Amino acid sequence: MDSNSTISISDGRKRIFEIAKEVQKPGKQYTLTENGKPKVVLMSAEEYESFMETMEVLRIFPDLDKTIAEAERDIKSRDFSNYVPFERIKKELGAVADKSKKKYGVQARNRKSR
């Protein structure tokens, strides 16, 4: 859902608290204009952070769309020769705890009778 409202900066100044509340809704932003030309876009901080994270991912992985398409082709053809199982990666990074040597459980507390 992309909902963009365009208003003048003067109107935005008068309605700033209403706008601040309104942009908290997902996909809602305001474009403020000066002399009919867009000058500023207002959106929630959460939406802005999400946008910036997306831009960073696209900067780091400029061919992400091609990589995803290639992975989808490999999945359809069941060709996993270029991939490493996730369990192996976790183990190599030390992210898998060896629980086989330890016993886990909940111990009941001893309560005194009243």
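Along the sequence shown, the residues carry numbers beginning at 1. Heavy atoms only: backbone and side chains are in, while hydrogens, waters and symmetry mates are out. On a predicted model such as this, the values are computed, not experimentally measured, just so you know.
- Counting heavy atoms of neighbouring residues, nucleotides and ligands inside a 6.0 Å radius, atom CZ of Phe86 does not exceed 12 of them.
- In this structure, the side chains of Leu32 and Lys39 stay at 4.5 Å or more apart for every pair of heavy atoms.
- In the hydrophobic clustering of this structure, Leu42 does not group with Tyr48; members are Ile, Leu, Val, Met, Phe, Trp, Tyr whose side-chain heavy atoms approach within less than 4.5 Å, directly or through other members.
- Residues Val23 and Ser44 share a closest heavy-atom pair of O-CB, 3.3 Å.
- Within 6.0 Å of CD in Gln24 there are more than 12 heavy atoms belonging to other residues, nucleotides or ligands.
- Heavy atoms from other residues, nucleotides or ligands lying under 6.0 Å from OH of Tyr83 number more than 12.
- If you chain together hydrophobic residues whose side chains sit under 4.5 Å apart, Val41 and Ile19 never meet in one group.
- Here the CD-OG1 distance, from Gln29 to Thr6, works out to 9.5 Å after rounding to the nearest 0.5 Å.
- Hydrophobic clustering keeps Ile60 apart from Met55 (ILVMFWY residues linked when any side-chain heavy atoms are closer than 4.5 Å, directly or through intermediates).
- Put simply, the side chain of Val40 does not reach to within 4.5 Å of the side chain of Thr33, judged on heavy atoms.
- When only modelled atom types and interatomic distance are considered, Tyr30 and Asn4 share no side-chain donor-acceptor pair under 3.5 Å.
- Put simply, NZ on Lys14 and OG on Ser8 are 7.0 Å apart, with the number rounded to the nearest 0.5 Å.
- Without hydrogens or angle criteria, Ser50 side chain to Glu46 main chain gives no donor-acceptor distance under 3.5 Å.
- Hydrophobic clustering keeps Phe51 apart from Val57 (ILVMFWY residues linked when any side-chain heavy atoms are closer than 4.5 Å, directly or through intermediates).
- Going from atom CE of Met43 over to atom OG1 of Thr31 covers 8.5 Å, rounded to the nearest 0.5 Å.
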Arg88 vs Glu92, side chain to side chain contact (heavy atoms under 4.5 Å, CB included): CA-CA, chis, key distance, verdict: CA-CA 6 Å; Arg88 181 172 147 201; Glu92 288 177 7; 2.9 Å; yes

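- Within a 6.0 Å sphere centred on CG of Asn35, other residues, nucleotides and ligands contribute 12 heavy atoms or fewer.
- The two residues Glu22 and Lys28 make their nearest non-hydrogen contact at O-CG, 3.4 Å.
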Full working for salt bridge (charged side-chain N to carboxylate O under 4.0 Å, His left out) between Lys21 and Glu18: CA-CA 5 Å; Lys21 185 176 181 179; Glu18 174 191 338; over 6 Å; no

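- Counting only N and O atoms by type, the side chains of Asp79 and Ser77 include no donor and acceptor under 3.5 Å apart.
- To the nearest 0.5 angstrom, Ile68 atom CD1 is 11.0 Å from Asp63 atom CG.
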